[in-house]
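Data block below; observations after.
Source: prediction; values computed, not measured. Basis for what follows: all heavy atoms, side chains included, without hydrogens, waters or symmetry-related copies.
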Amino acid sequence: MPALPPGLMTVLLLIGSNIFMTFAWYGHLKVKHEKLWILILVSWGIAFFEYCLMVPANRIGYGVFSAAQLKTIQEVITLSVFVLFSVFYLGEAIRWTHIVGFALIALGAGFIFYKG
């Protein structure tokens, strides 16, 4: 099986990393009965796996993308993953104002890749 192109591998690793990150940062919001220090330790444990994907993603992607582009890709993925997490895990509704705000962020992110 041929290796994936570095840009695609970077994006896939960043998606996986952001799934772990989102659960580490926000997954505990549904757990009301647990002590805070336990939730912090569990979040750190989940974040370990985020780092196991994030660090290789940035090492593979740097050179294909600039550091600013890598960060921008990561932030757009973070928002995308968070929207899905918010709707399907937390059960929150997405309002039109969220969509407009995310669209403006995506527009701003597009400027990072503009070569004008």
d(Ile15 CD1, Ile77 CD1) to nearest 0.5 Å is 5.0 Å

side-chain hydrogen bond (donor to acceptor under 3.5 Å, both in side chains) filter on Glu75, not counting sequence neighbours, yields Lys71

Residues 21-49 vs side-chain hydrogen bond (donor to acceptor under 3.5 Å, both in side chains), sequence neighbours excluded, gives none

Scanning both residues in full, the closest heavy-atom pair of Ile60 with Val64 reads O-CG2, 4.2 Å

Determine whether Val87 and Leu29 fall in the same hydrophobic cluster, where Ile, Leu, Val, Met, Phe, Trp and Tyr are linked whenever their side-chain heavy atoms lie under 4.5 Å apart.
no

Check your understanding: Are Leu41 and Leu36 connected, step by step, through hydrophobic side chains (Ile, Leu, Val, Met, Phe, Trp, Tyr) whose heavy atoms are closer than 4.5 Å?
Key -> yes

| So do Thr10 and Ile73 actually touch side chain to side chain, heavy atoms under 4.5 Å? | no

Val55 and Phe65: same hydrophobic cluster, using ILVMFWY side-chain contacts below 4.5 Å? no

Can you check ring-ring contact (aromatic ring centres under 6.0 Å, His included) on Phe48 and Phe20, steps first, answer last?
CA-CA 9 Å; Phe48 169 78; Phe20 281 110; 9.7 Å; no

| Hphob cluster co-occupancy, Val76 + Leu12, side-chain heavy atoms under 4.5 angstrom | no

Taken to the nearest 0.5 Å, the spacing of Thr78 OG1 from Ile19 CD1 works out to 11.0 Å

Looking only at heavy atoms, the pair that brings Pro56 and Tyr51 closest together is CD-O, 3.9 Å

Sorted by chain and number, sequence neighbours left out, side-chain hydrogen bond (donor to acceptor under 3.5 Å, both in side chains) with Thr72 holds for none

Residues joined to Leu39 in its hydrophobic cluster, side chain to side chain under 4.5 Å directly or through other members, sorted by chain and number, are Val31

One should read off an interatomic distance between Leu84 CG and Asn18 CG, to the nearest 0.5 angstrom, of 11.5 Å

Contacts satisfying salt bridge (Lys or Arg N to Asp or Glu O under 4.0 Å) that involve residues 77-89 (not counting sequence neighbours) are none

| said: Is there a path of hydrophobic side-chain contacts, each under 4.5 Å between heavy atoms, that joins Val83 and Phe88? | reply: yes

Any side-chain heavy-atom pair of Gln74 and Met21 under 4.5 Å: yes

In short, Ala57 meets Leu13 closest at the heavy-atom pair CB-CB, 3.5 Å

Tightest non-hydrogen contact, residues Leu53 and Gly16, listed as CD1-C, 3.5 Å

Per ring pair (Phe, Tyr, Trp, His ring centres under 6.0 Å), Phe23 is matched among Phe82, Phe49, Phe85 by Phe85

Rounded to the nearest 0.5 angstrom, the CG-CE distance for Leu70 and Met54 is 9.5 Å

* To do: Can you establish whether the number of heavy atoms outside Phe102 located under 6.0 Å from its atom CZ is more than 12?
  => yes

Contacts of Ser86 meeting side-chain hydrogen bond (donor to acceptor under 3.5 Å, both in side chains) (sequence neighbours excluded), chain-then-number -> Glu92

